[in-house]
Amino acid sequence: MNVYTPILVLGAIAAAFTVFSVVAASIIGPKRYNRAKLEAYECGIEPTPQPAGGGRFPVKYYLTAMLFIIFDIEIVFLYPWAVHFDSLGMFGLVEMLVFIALIGIAYAYDWRRGGLEWD
């Protein structure tokens, strides 16, 4: 238990600082509310009324999300591969080339569907 005491103390200090910062900001921070600040943030687009059951979302939202997922998965597998590159040998190189080709196919699909175009 003595080994973990500094870690627990550091965690407690971090938690106390976090709580103190949030409380202090809400107490001493400026409170000048106006109509624009109280509206939902919609990336500069004026929100439009939606039907009761929900509205249709443009496909661009899903394509952008797909891009983030593609690149996150790529990083998750590339980093450990780069760390152990020497011990994997030719097998690791070939498998990573196959993986990069599959990621490239997903990237090309997203590109073809217009996921990289911002209107």
Under 4.5 Å between side-chain heavy atoms, counting indirect links through other Ile/Leu/Val/Met/Phe/Trp/Tyr residues: same cluster for Met90 and Leu97 or not? yes
If you count heavy atoms of other groups shown closer than 6.0 angstrom to CZ of Phe99, is the number above 12? yes
For the OG1 atom of Thr64 and the CD1 atom of Ile69, what is their distance to the nearest 0.5 Å? 11.0 Å
Go through it in stages, so that I can follow the logic: the residues are Tyr109 and Ile105, the test is side chain to side chain contact (heavy atoms under 4.5 Å, CB included), and I'd like the CA-CA distance, side-chain angles, deciding distance and then a yes or no. CA-CA 6 Å; Tyr109 172 79; Ile105 291 170; 5.6 Å; no
Output the distance between atom CG (Asp72) and atom CD1 (Ile75), rounded to the nearest 0.5 Å. 8.0 Å
Do Glu95 and Leu88 have side-chain heavy atoms sitting under 4.5 Å apart? no
Can a donor-acceptor pair be found, under 3.5 Å and without considering hydrogens, that links the side chain of Trp81 to the backbone of Met96? no
Identify whether Ile28 and Val23 are in the same connected component of the hydrophobic contact network (ILVMFWY, side-chain heavy atoms under 4.5 Å). yes
Examine Ile103 and Leu78 and state if one hydrophobic cluster contains both, with Ile, Leu, Val, Met, Phe, Trp and Tyr joined whenever side-chain heavy atoms are less than 4.5 Å apart. yes
Is there a path from Leu102 to Ile73 through hydrophobic residues (I, L, V, M, F, W, Y) whose side chains come within less than 4.5 Å of each other? no
Parallel, tilted or perpendicular, judged at 30° and 60°: which one describes the rings of Tyr107 and Trp111? tilted
